[in-house]
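See structure below.
Chain letters run A, B, ... following the sequence lines, proteins first and then strands; every chain starts at 1.
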There are 2 protein chains.
Amino acid sequence: MDSAERLIASMQELLWERGYSGTSPRAVQKMADVGQGSMYHHFQGKADLAVAAEHLMGRELQTQINERLSSGATTVDKIAAFLTIDEHVLRGCRLGRLVQDTEVASNDELRAPIQTMFVWIQQNIASTLEDGRSNGEIRPDANIEALAATILAVRQGAYVLARAAQSEEPFRKAADGLIEMLTHGVCV
Amino acid sequence: MDSAERLIASMQELLWERGYSGTSPRAVQKMADVGQGSMYHHFQGKADLAVAAEHLMGRELQTQINERLSSGATTVDKIAAFLTIDEHVLRGCRLGRLVQDTEVASNDELRAPIQTMFVWIQQNIASTLEDGRSNGEIRPDANIEALAATILAVRQGAYVLARAAQSEEPFRKAADGLIEMLTHGVCV
DNA sequence: GTCTATATGATGATAGAC
DNA sequence: GTCTATCATCATATAGAC
């Protein structure tokens, strides 16, 4: 990896670990083993480098999500796979965590890659549900768009609950509850 | 309001607006119109003042949530009220946002009040669902605990989606999807 | 109980040599 | 393309006068 690549990889790591405001250019340079001048040669500044890191995150997440949403026999299995716990639950969602930072939310350049990814994920969940509807697994009158938003929200919210508890248990519970609702409904 | 109360109110406001790491004692003092020496007289430091602010937040949230979970005729109406949009959706959840901050998540004194509130909320949702089960509104075999976790996760996640989009729409959609799942289920 | 002065280190960024 | 030196500003906190 060259300097620029190492800078992006380090920024990505630190964004996940410490958030945007909590990540200093210094720390990125140190982790990447790259000098200050070098960083400001390759990137305009902290925000510019962070955007590059966000784009890399997005590409990695797309791969992961595609794998999960295409695993499993039934539609519910696919959604369950999407909600499967991974090794990083307590670190939070790489993208979702970032957008809680006011500096990120109020800067369109930093926010755009996150919003784009969320839209992409929702569309993929929606098309998984559509397939299920064609198969006859999903009710014909289901509001696919709303359901996709709910499913993504459960994952994002489950990360938050797990972080507050410093335990993976609330994540699992929230996922279980969603699967139950998808399969059985709740009302008599 | 005396100095200490103004400090707590200001810290609360700034925690919501800028998060913990993003809030400096300076800024709090300025908003509260209180000098530096005064702040360090009343509180041990930034974290100590933040904990006081978190406790105040918790008390306010309990009132709001009690109101919502007791409004509405049916159990689903009550859950829908819990998921009703409020005027502050784009600012995020006061508690959920905080715990995304690494400094908060890794400091037990700062994290505890948040976790306590989440547990309290889940218990209140659970007992609302229990009532519905007694009424015959909710399936007897429903996994109440998991459903409560899911419902709270939807609210938390919906905040995240709204912030990423800088729009209240995803929040509404996620809530709609949840209500649909509660009432009809999704699978044929 | 509140004030000002000060300490110590980090922040994000620039300047200019090599 | 990378380096070191430097900048102005902010962070959190303490010291000691009033």
Among A:Arg94, A:Arg91, A:Arg155, which one satisfies salt bridge (Lys or Arg N to Asp or Glu O under 4.0 Å) with A:Asp86?
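Checked A:Arg94, A:Arg91, A:Arg155 against A:Asp86; only one passes salt bridge (Lys or Arg N to Asp or Glu O under 4.0 Å): A:Arg155.
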For A:Gln36 and for A:His42, find the nucleotide of DNA chain D with the closest heavy atom, then tell me which residue's nucleotide is more 5'.
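First, find each residue's nearest nucleotide; the 5'-ward one identifies A:His42.
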Please give, in whole Å, the distance from [N] [atom2] to [X] [atom1]?
{"X": "B:Leu49", "N": "D:dA13", "atom1": "CG", "atom2": "P", "result": "11 Å"}
{"X": "B:Arg26", "N": "C:dA5", "atom1": "CZ", "atom2": "C1'", "result": "13 Å"}
{"X": "B:Phe43", "N": "D:dT12", "atom1": "CZ", "atom2": "P", "result": "16 Å"}
{"X": "A:Met39", "N": "C:dA13", "atom1": "CE", "atom2": "P", "result": "7 Å"}
{"X": "B:Met1", "N": "C:dG1", "atom1": "CE", "atom2": "P", "result": "18 Å"}
{"X": "A:Asp2", "N": "D:dG1", "atom1": "CG", "atom2": "C1'", "result": "11 Å"}
{"X": "B:Lys46", "N": "D:dT14", "atom1": "NZ", "atom2": "C1'", "result": "17 Å"}
{"X": "A:Glu103", "N": "D:dC10", "atom1": "CD", "atom2": "C1'", "result": "13 Å"}

Between [options], which one does the side chain of [X] approach most closely?
{"X": "A:Ser38", "options": "C:dT2, D:dT12, D:dT2", "value": "D:dT2"}
{"X": "B:Ser3", "options": "D:dA11, C:dT2, D:dT2", "value": "C:dT2"}
{"X": "A:Ser24", "options": "C:dT11, C:dT14, D:dT12", "value": "C:dT11"}
{"X": "B:His41", "options": "D:dA11, C:dT2, C:dA13", "value": "C:dT2"}

Just to be sure I understand the rule, does A:Gly35 reach a base, reach only the sugar-phosphate, or reach nothing, if contact means heavy atoms closer than 4.0 Å?
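Sugar-phosphate: the residue A:Gly35, judged by heavy atoms under 4.0 Å, touches backbone atoms but no base.
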Test the B:Arg97-B:Tyr159 pair against the cation-pi criterion, namely NZ or CZ under 6.0 angstrom from the six-membered ring centroid and within 45° of the ring axis.
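Here B:Arg97 fails the 6.0 Å and 45° test against B:Tyr159.
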State whether a side-chain donor-acceptor pair under 3.5 Å links B:Glu54 with B:Gln12.
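B:Gln12 and B:Glu54 do not have a side-chain donor-acceptor pair below 3.5 Å.
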Return the 5'-most residue of the pair A:Gly22, B:Asp33 with respect to DNA chain C, ranking by each residue's nearest nucleotide.
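The 5'-side residue here is B:Asp33.
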For B:Glu137, is there an ion pair with B:Arg133 - N to carboxylate O distance below 4.0 angstrom?
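No, this pair does not count.
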Single hit among B:Thr150, B:Leu147, B:Ile151 for side-chain contact (heavy atoms from CB on, under 4.5 Å) with A:Leu178
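Of all the options given, the one that passes is B:Thr150.
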